[in-house]
Amino acid sequence: QVQLVESGGGLVQAGGSLRLSCAASGMIFSINAMGWYRQAPGKQRELVAGITDGGSTKYADSVKGRFTISRASAKNAVYLQMNSLKPEDTAVYYCNAAVSYGLRSEYWGEGTLVTVSS
């Protein structure tokens with residue numbers, strides 16, 4: 001089992017910055033990749049940013065150049081630095097871990113709310 005706990009969400013004005021953190025525990029040795037997803041009201045959950053064991057990253061087009069994902073070498077944490085925030089970034093942000101072994105193929109945190117005001 002893998003447990004993920006997000007933190008760092010909050011209220012920020014447009015143009016501001018936030019840094020989200022996700023702490024992983026349990027069978028973290030089985031984690032192959034980690035990422036951040038978000039879900040806004042009335043919309044489907046979407047991938048914001050992901051990072052693999054090899055360090056490859058990918059970003060949603062809407063956040064490219066503004067957000068940066070990073071991961072601890074011990075695979076016990078992943079971070080999302082969010083700059084130049086826009087009102088459309090408002091959503092619940094979820095940490096995700098893809099695993100190579102376990103009861104699930106991936107695990108999710110409970111989410112942290114990011115609200116960007118105009």
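Keep in mind the model is a prediction, meaning the values are calculated, not measured.
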Quiz prompt | Test log, rule side-chain contact (heavy atoms from CB on, under 4.5 Å), inputs M82 and S17 | solution = CA-CA 5 Å; M82 305 186 294; S17 298; over 6 Å; no
Any donor-acceptor N/O pair, [X] side chain to [Y] backbone, under 3.5 Å:
X	Y	answer
E6	T112	no
T115	L11	no
E106	V99	no
T90	V116	yes

Quiz prompt | Side chains of Q13 and S117, donor plus acceptor under 3.5 Å | solution = no
Quiz item: Do S7 and R19 get their side chains close enough for a donor-acceptor pair, meaning under 3.5 Å?
Solution: no
Quiz item: Would the number of heavy atoms belonging to other residues, nucleotides or ligands and lying under 6.0 Å from CD of E88 be above 12?
Solution: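 For E88, atom CD is crowded (more than 12 foreign heavy atoms under 6.0 Å).
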Rounded to the nearest 0.5 Å, how far apart are [atom1] of [X] and [atom2] of [Y]?
X	Y	atom1	atom2	result
S21	L80	OG	CG	9.5 Å
F29	S100	CZ	OG	8.0 Å
L47	K58	CG	NZ	5.5 Å
Q3	E110	CD	CD	11.5 Å
L18	Q81	CG	CD	8.5 Å
N32	S105	CG	OG	11.0 Å

I'd like to know if [Y] and [X] are part of one continuous hydrophobic network [Ile/Leu/Val/Met/Phe/Trp/Tyr, side-chain heavy atoms within less than 4.5 Å].
X	Y	result
I31	W108	no
W36	Y59	yes
L85	Y37	no
L113	L4	no
I28	L103	yes

Self-check item: Note, Y107 side chain near C95 side chain (heavy atom, < 4.5 Å)
Solution: no
Quiz item: What closest approach, in Å, do A24 and M34 show between heavy atoms, and which atom pair accounts for it?
Solution: CB-CE, 4.2 Å
Quiz item: How are the rings of F67 and Y93 set to each other: parallel, tilted or perpendicular (split at 30° and 60°)?
Solution: tilted
Quiz item: Where do I69 and V78 land on the side-chain contact (heavy atoms from CB on, under 4.5 Å) test, with the steps shown first?
Solution: CA-CA 7 Å; I69 189 170; V78 65; 3.8 Å; yes
Quiz item: When you look at V114 and L20, which way does the side-chain contact (heavy atoms from CB on, under 4.5 Å) test go after all the steps?
Solution: CA-CA 9 Å; V114 172; L20 304 184; 4.0 Å; yes
Self-check item: R38 to Y94 six-membered ring, cation-pi geometry met (6.0 Å, 45°)
Solution: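 Judged by the rule (NZ or CZ under 6.0 Å from the ring centre, within 45° of its axis), R38 is not positioned above Y94.
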Exercise. Walk me through it: do K86 and R66 pass the test side-chain contact (heavy atoms from CB on, under 4.5 Å)?
Key: CA-CA 10 Å; K86 304 175 181 179; R66 299 187 297 120; 3.8 Å; yes
